[in-house]
Amino acid sequence: MLAVLGILSLAAVRTTASLWPIPRSMQSGSTFLKLPSQFNVTVSVPSPPADLLDAVKELNWYLANDQLQRLVVGRGAYDAQDIESAPTLTSLMLSLEDGAEVNSISAEAVKAIDIRSEGYQLDIPADGSTATLVANSTLGLYRGLTTFSQFWYEYAGQVYMTSAPISIQDSPAYPYRGFMLDTARHYFPTTDIIRTLDAMSWVKLNMFHWHITDSQSFPLYVAEFPELAQQGAYSSEDVYTPQDIQDIITYANQKGIDVMLEIDTPGHTTSIAASHPEYVACNQASPWATYANEPPAGQLRFTDPAVVNFTTQLFGAVAKTVPGTLFSSGGDELNIPCYRDDNRTQGELNSTGLTLEEALSNFTQSTHAALIAEGKTPVVWEEMVLDHNVTLSNDTIVLVWISSANAAAVAAKNYRIVQAPSDYFYLDCGASEWIGDTPEATSWCDPFKTWQKSYTFDPLANMTDSQKSLVLGGEQLLWTEQSSPTNLDPIVWPRAASSAEVFWTGATGPDGARLNVTEALPRLHDLRFRMVQRGVGAIALQPLWCALRPHACDINS
């Protein structure tokens, strides 16, 4: 009976692609191919950039070291005969389309979000003749290499695939596909961030949104303002030096990932008071809940010209050191009672005759001007558009976070949108309350957001046809009040891969059917096991018994 079950399981998944995200257009067969120990990748690109050659080395490393057995009963034992008789694929040829400009992957990764070229064409014949990968950019070639690496399994020392011939024509449905990490509530060593960037690259995420400072700590060392990290970080070891920042950004860019730094202002800035108490209203005020959404209370006195000048210079100093085109100034959860009860703020308003909203607009225009002067596009949280009367540049990008229902209101104001709604994409939800002395409380954004929940997200819900082009994509986010290096991998992966497919593949898969969790689950299992093989501690989705028997644990199976 076990043998029969194993054969049935094999038949069910033999032609199922092992890819995540699933390509937008793909034809596949059911022929086995195997790789020789000396598989050859030829780079037919004039003066190939170093990071493209490194990407080829990376591919060869994965092919040799993934050693992932198929998720079927027997883990590949029933493949042995097919493997033995399979043709051998000896080579893969990489090339750029005629007329394509030869740039490094790093240079392509930091181009403006709307002009990046990530598409590719991958063909793997069934007879063992040379496979080909063609793209319009080295970044596209990198995306294609990522796809190629996911086809392969290992059994009894032989690397093989089950679904030749393959023909893939692929490109992203949305240009922005991100993951946000908060490194202010807890400090994450650079090694953890590097590992996270690797995992992002495997699922074609292309934007690392780095929420690097907040009220609890200021771990970013800025040469022009060294006192901020010296006095605002948790310790001298919990600091990102300029070299750390450059190392992380360089590594990200080589993996096809841009980095968007966020220095959240004027709220979430209590840590600045450690070195500049005169700049912060309601510093450590009690009860904190009156003056902030979480402890400690404190936010910039943006009515003070000295604060405007300081923040403007800070933004300019940081923005000039990063190559990407996006930079977030934050703007969320501004506490109005804090400013109402702050005598210095009220005195500034009385002396200038400005309203609080007018002063906020002046502050934002000044700080954003510093970003624009450095070639950056400002990015803000949704309150800056929906709750405040602030003048923003027309190309400002808005992160929608409070609710997915708010995206339509932002679109109605004709701003470009990154979808990051807490009701779908907040990875920290459902971990109970982190505020002390609240035994009956739950987290504000309960329940836990499963991969299945986030996978059902519709980026274009409630949008008119004319507004749909405003949606640039989206991201999943980890706020780290209850997360640290000890649980980074399992709380993020493989859940964050769900939005990677939503925003790469779009609403429908290569067969024309809408994306659905039933079809996706076996592929996500495959991705999770491959991540574990590559050193990322991704959490299990189901018991192994279920993973080896696709759909046997579906609710109606």
Side-chain angles (χ1 to χ4, degrees), residues 179-188 209 211-219 232-235 238 262 264-274 280-300 330-342 381-383 386-387 399-406 420-454 475-492 495-496 539:
F179 167 68
M180 190 218 77
L181 180 64
D182 159 22
T183 61
R185 276 55 179 241
H186 280 96
Y187 176 85
F188 292 79
H209 174 183
H211 185 92
I212 197 167
T213 66
D214 212 287
S215 285
Q216 290 80 6
S217 74
F218 200 103
Y234 288 128
S235 77
D238 297 327
E262 179 185 350
D264 201 355
T265 60
H268 291 275
T269 46
T270 319
S271 57
I272 292 175
V280 177
C282 313
N283 179 28
Q284 308 287 334
S286 179
W288 63 263
T290 302
Y291 299 113
N293 279 42
E294 65 178 56
Q299 49 195 26
L300 288 176
D332 62 315
E333 296 185 331
L334 203 59
N335 184 282
I336 302 305
C338 169
Y339 294 121
R340 180 196 63 205
D341 295 348
D342 182 59
W381 296 105
E382 65 178 74
E383 292 99 314
L386 299 182
D387 295 345
L399 292 154
V400 174
W401 73 274
I402 296 174
S403 170
S404 56
N406 294 349
S422 59
D423 48 334
Y424 284 87
F425 290 156
Y426 271 32
L427 296 167
D428 59 310
C429 298
S432 77
E433 181 56 84
W434 63 272
I435 303 296
D437 197 25
T438 57
E440 304 301 324
T442 58
S443 63
W444 74 271
C445 56
D446 271 2
F448 182 90
K449 311 307 177 191
T450 69
W451 79 266
Q452 296 183 70
K453 172 69 173 179
S454 55
E475 65 183 25
Q476 283 179 270
L477 311 90
L478 181 61
W479 301 104
T480 61
E481 288 89 348
Q482 292 180 280
S483 294
S484 71
T486 60
N487 71 332
L488 173 62
D489 288 6
I491 201 169
V492 175
R495 279 195 296 161
I539 200 168

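Contact between Q284 and P296 at its shortest, heavy atoms only, is OE1-CB, 3.8 Å.
Judged as a salt bridge (charged side-chain N to carboxylate O under 4.0 Å, His left out), not a single pair has a partner in residues 436-445 (not counting sequence neighbours).
For D428, there are no salt bridge (charged side-chain N to carboxylate O under 4.0 Å, His left out) partners two or more places apart in sequence or in a different chain. Every residue meeting the side-chain hydrogen bond (donor to acceptor under 3.5 Å, both in side chains) condition with S443, not counting sequence neighbours, appears here in chain and number order: D446. Scored by the salt bridge (charged side-chain N to carboxylate O under 4.0 Å, His left out) test, D182 finds R185 as partners (sequence neighbours excluded). Scored by the salt bridge (charged side-chain N to carboxylate O under 4.0 Å, His left out) test, D489 finds R195 as partners (sequence neighbours excluded). Applying the side-chain hydrogen bond (donor to acceptor under 3.5 Å, both in side chains) criterion to Y291, with sequence neighbours excluded, gives D341.
Formation of a donor-acceptor pair under 3.5 Å by the S271 side chain with backbone atoms of D214 is found in this model.
Side-chain contact check for Q299 and E333: no donor-acceptor pair (N or O, by modelled atom type) lies under 3.5 Å. A side-chain donor-acceptor contact under 3.5 Å links D238 and S235. A side-chain N or O of E262 and one of W381 form a donor-acceptor pair less than 3.5 Å apart. In the model, W401 has a side-chain atom that pairs as donor or acceptor with a side-chain atom of E383 under 3.5 Å.
For the pair K453 and Y424, the distance from NZ or CZ to the six-membered ring centre is under 6.0 Å and the angle to the ring normal is within 45 degrees.
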(request) Show your working on side chain to side chain contact (heavy atoms under 4.5 Å, CB included) between T269 and F218 and close with a plain yes or no. (result) CA-CA 9 Å; T269 46; F218 200 103; over 6 Å; no
(message) Between S215 and E294, is the side chain to side chain contact (heavy atoms under 4.5 Å, CB included) condition met? List the steps.
(response) CA-CA 9 Å; S215 285; E294 65 178 56; over 6 Å; no
(request) Evaluate the side chain to side chain contact (heavy atoms under 4.5 Å, CB included) criterion for residues L181 and L488: first the C-alpha distance (whole Å), next the side-chain angles of each, then the deciding distance (0.1 Å), finally the verdict. (result) CA-CA 10 Å; L181 180 64; L488 173 62; 4.0 Å; yes
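At least one side-chain heavy atom of V492 sits under 4.5 Å from a side-chain heavy atom of L427.
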